[in-house]
Each structure stands twice: as C-alpha cells, then as structure tokens.
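Everything below concerns the one structure shown next.
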Amino acid sequence: MTGSKKLWGGRFTDEPDAAFARFNQSFGFDRRLFHADTKASLAHCEALRRAGVLGDEEARCIAEGLCLIAIRAAEGGAAYFDELNEAEDVHSFIETRLIEIVGEAGRRLHTGRSRNDQVATAMRLWVRDVIDDLKQEIRVVQTNLLESAEANFDAMLPGYTHLQRAQPVLWAHWCLAYFEMLARDVERFADTRRRANVLPLGSAALAGTSYAIDREQVARELGFDEVTRNSLDAVSDRDFCVDFTHAASLVMVHLSRMSEDIILYASAEFGFIELSDRVSTGSSLMPQKKNPDAMELVRGKAGRVFGHNLSLLVTMKGLPLAYNKDMQEDKEAVFDAFDTVRACLQTTATVINNIALREDAMRVAASRGYLNATELADYLVGRGMPFRTAHDITGRIVRHALERAVELNDLSFDELKSFSALIEPDVHHALTLENTLATKAQTGGTAPARVREALTAARARLGE
Ligand code: ARG
C-alpha cells in the first residue's frame with residue numbers, strides 16, 4: 001500500500017516529531033492560495049490529458065474532483081479547511097482531498113509536476129490577482145483626492161520647505177501632488193504584474209519535466225503572457241514577491257507622508273483642517289482630545305510593510321539554486337503586505353472624505369510670513385533687475401517689514417519705493433495672494449488655471 005497520509009511517506013519509516021511537523025506546516029496561511037492552486041491543477045490535468053499521460057476519463061474524473069473540492073471550500077468556508085488541518089500545505093491538502101474523492105485517478109495528477117513549480121505558479125497567480133485589487137483601491141483614493149480638490153477649489157494654504165512657510169499653493173495642488181504619487185504606484189504595480197505574469201509550471205522540481213506538457217498552452221489557459229525559460233530559475237525565483245512588497249512599500253511611503261501632512265494640518269498649531277468624528281478617536285484621560293489615530297496608524301503600518309520587503313531580500317540572498325524551504329517564508333510577507341496596504345488605502349480614502357477645511361485659517365496662514373517675498377523679487381526682475389540683486393533688495397525689505405512687524409503688503413508705496421526706484425504703484429497688486437498664485441502659470445505650477453487643467457487631465461487619466 002502506498003497510502004501514507006503524507007505525499008512523500010514512502011522512504012520514511014518513522015513519523016516526524018510532532019513539534020517539527022507543526023513547524024513545517026504552512027497550511028495555516030498558504031490556504032489563501034487555494035483558488036490559485038486549484039485553478040493551476042485543473043490546467044495541469046488538462047495538459048496531462050493532451051500529453052496522453054491521462055486518459056479522457058481519468059482527466060474528467062480529476063477535473064470534477066477538483067471542482068467539487070472548490071465547491072465544498074466555497075460552501076464550507078474556514079470549517080472545510082479546518083477539517084484537515086494537519087495538512088502540510090495547501091498543495092497536499094488539495095491532493096489528499098482529491099484522492100479521497102476520486103480515488104486512484106487522483107494519484108496521477110502530480111505526474112510531471114512538483115510542489116516547487118506548483119507553489120511558484122500559485123503565488124504568481126495570487127500576486128497577479130491582488131495587484132488588480134490594489135489598483136482599484138488606489139483609484140478610489142485618487143478619486144477622493146480629486147473630489148476634495150474640486151469641492152475646495154478656492155482653498156489655499158502655505159506650501160512648505162523645511163517645514164517653514166515658503167509660497168502659497170492651492171489645496172487642489174496639494175491633492176494633485178498625492179494623486180501623482182499614486183499614479184506612479186499604479187504604474188509600478190502594472191510593471192510588477194507584467195513580470196509576475198510568467199508561467200513556471202512545467203519546470204517540475206528543478207530540471208524540467210519529462211512529459212510532453214505543452215507549457216505555452218497551459219500559459220494561455222491560465223492567462224500568463226509567457227512561460228519561464230529556465231527551470232532552475234523558475235522554481236527558485238521570488239523576484240516578483242520582492243517587486244510586489246517594494247511597490248507596496250512605496251504606496252506606504254506616499255500614504256505615510258500624506259498622513260503626516262494631515263496630522264500636522266489637523267493640529268491646533270496649524271488649524272487648517274478638521275477631521276470628522278467618524279475618523280477620530282478620543283483620549284481615555286483627557287476629555288478634550290480628538291486624535292487623528294487613523295492617519296497615525298497608516299503612518300505606523302508603513303514600517304511593517306518595509307519590514308516584509310526587507311525580510312524577503314534577506315531570506316533570498318544566500319539561497320543556493322534551486323528551491324529551498326526557506327522560500328516558504330515568502331507567503332506571510334506577501335500576504336501581510338497586501339492586507340496592510342489594502343487596509344491603509346481604504347482608511348485613507350475614508351479620511352479624505354472626512355476632512356473639513358478651515359479655509360479662512362488656511363488663507364491667513366498663506367498670507368502671513370512673507371510667502372510673497374519671491375513674488376516681489378520676480379516683480380523687480382520683471383522691471384529689468386538681475387535676480388540676485390532683486391533677491392538681496394527684497395531681503396532688505398523683508399528685514400524692514402520684520403522690524404515693523406508687518407507684512408510686505410502693509411508697507412506703503414513710498415516705503416517700498418525707498419528700496420528701489422524700479423518699484424511702481426502696481427506693486428501692491430503684485431503682492432496679493434491671488435497674483436502670487438496666478439503667476440505660477442507654467443505646466444505643473446499652482447496657478448488656478450493650470451490646476452484646473454491638471455484636474456481635468458487627472459480625471460481623464462483615471463477614466464483610462
Ligand atoms: N509549502 C511549500 C512552500 O511554500 C511548498 C513547496 C514545498 N516543496 C518542497 N519541495 N518541500 O514553499
């Protein structure tokens with residue numbers, strides 16, 4: 001009898017140590033590959049039939065068995081998986097179930113395949129599918145940013161460098177900055193998907209398969225663009241997992257920076273925005289507190305995703321060709337990176353819809369602290385002065401205004417004129433907030449006309 005409970009029991013006489021068996025198990029987490037692995041098994045079954053390894057009747061029997069397992073899993077949910085929770089991994093779970101259901105025919109499915117090419121295939125299918133999910137979630141955040149930009153088109157705030165007030169910008173411009181970062185994330189995921197979408201099945205354990213499996217046909221059936229070209233590489237390549245956690249890490253960098261801006265803007269010190277009660281929490285001790293926990297958690301969870309990216313790199317770096325069990329560690333890193341980035345995208349999308357702007361406070365902040373000083377220098381340049389000279393003279397005017405504790409617009413024409421004969425009565429118009437914004441009129445600038453165009457273009461890009 002070859003009926004060991006394990007898929008590989010034949011050459012063993014002793015049972016594994018119980019604690020080691022648990023240590024070796026991945027079924028607790030790799031059950032998430034169930035659908036991907038079932039799908040790939042169906043394609044492999046069909047390939048074996050075409051290769052003449054399986055008779056039509058056997059192949060039909062196996063395919064029906066696999067479909068029945070999928071139905072039972074869908075109906076039974078977690079309970080179905082728990083029934084056989086001593087399974088080593090999802091692959092042995094499915095195969096054991098198949099043999100239970102269809103008997104002898106089930107024992108032929110693993111012909112010409114190894115769990116090594118099997119798991120690489122299932123992971124690629126899984127990563128491919130969740131990338132499609134994430135692209136959708138990113139689009140929701142982008143859409144909400146555009147909505148906030150459109151609904152608050154007149155709002156402006158100080159733009160910062162070194163966290164010091166620099167020049168005024170539109171709130172819509174701020175929104176579009178994050179829109180751009182997320183647009184790059186979508187592209188990065190698309191690129192990751194393209195490289196992941198290559199079929200390893202048919203590489204078997206490491207050397208390739210001896211059966212006449214038409215790999216190109218299997219690839220077409222499973223929606224892969226190509227087949228892997230080297231079996232040693234195919235079973236030991238987890239670049240696509242690193243690509244995935246890297247792309248996820250950059251999403252988290254972007255969400256974390258957005259969180260940081262929102263946390264600062266919601267503080268009394270800035271006072272630019274208020275987060276609604278729906279996305280805030282209180283303090284157990286201080287009755288007055290309203291805390292931006294949602295954004296703090298997004299900022300905090302970034303570290304966790306970067307950790308997964310690094311842990312994969314470290315896991316892979318010393319592995320000899322080809323497959324090594326170390327690689328089983330890829331799953332939890334990739335799964336948790338996905339769960340975390342998806343939850344953070346969803347939370348961020350909700351927060352954006354729950355921001356109320358304090359437009360007056362934002363405007364006041366954008367008008368105090370000489371954010372129009374560059375505009376004054378540009379005004380002098382417009383009248384023929386070299387920029388370096390204009391910078392110096394404007395610096396002196398700022399110093400004078402600081403001494404008087406007033407803004408540049410509060411200086412009289414005569415006061416201003418005393419610094420340069422080039423200054424004309426139109427200088428006060430030049431120094432207005434509106435003019436300061438309107439002059440940033442080249443592509444990518446914060447002039448309202450440009451930002452309107454950028455919003456329209458962004459809408460169109462989302463529609464693509
Ligand atoms: N659970 C294993 C993994 O995730 C599947 C591959 C096992 N292959 C092997 N030769 N032991 O990597």
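What you see is a predicted model; the values in this text were computed from it and never measured. As the structure lists them, so they are numbered: ligands from 1, and atoms in each ligand from 1.
Of all atoms in ligand 1, listed by their number and element, those nearer than 4.0 Å to a heavy atom of Lys331 are 3 (C), 4 (O), 12 (O). Within the listing of ligand 1, atoms 1 (N) sit less than 4.0 angstrom from a heavy atom of Ser26. Shown in contact with Asp89 at under 4.0 Å from a heavy atom are these atoms of ligand 1, numbered in order with element: 1 (N), 2 (C), 5 (C).
Of the protein's non-hydrogen atoms, Arg115 NH2, 3.7 Å is the one closest to atom 11 (N) of ligand 1. For atom 2 (C) of ligand 1, the closest heavy atom belonging to the protein is Gln328 OE1, 3.2 Å. Nearest protein heavy-atom neighbour of atom 10 (N) of ligand 1: Asn116 OD1, 3.1 Å.
Relative ring orientation between Phe270 and Tyr265 is described as tilted, the plane-to-plane angle lying within the 30° to 60° band.
Put simply, the residue from Val251, Val341, Thr143 that forms a side chain to side chain contact (heavy atoms under 4.5 Å, CB included) with Ile138 is Val251. For the side chain to side chain donor-acceptor pair (under 3.5 Å) criterion with Arg115, the lone passing option out of Glu88, Glu95, His91, His110 is Glu88.
The minimum heavy-atom distance between Val169 and Thr446, with the atom names listed, is CA-OG1, 3.6 Å.
Considering backbone and side-chain N/O atoms, Tyr323 comes within less than 3.5 Å of an N/O atom of ligand 1.
Cation-pi geometry between Arg31 and Tyr80 is not met at under 6.0 angstrom from the ring centre and within 45 degrees of the axis.
Here the two rings, on Phe335 and Trp126, have centers that are under 6.0 Å apart.
Residue contact annotation: Gln118 has no non-hydrogen atom under 4.0 Å from ligand 1.
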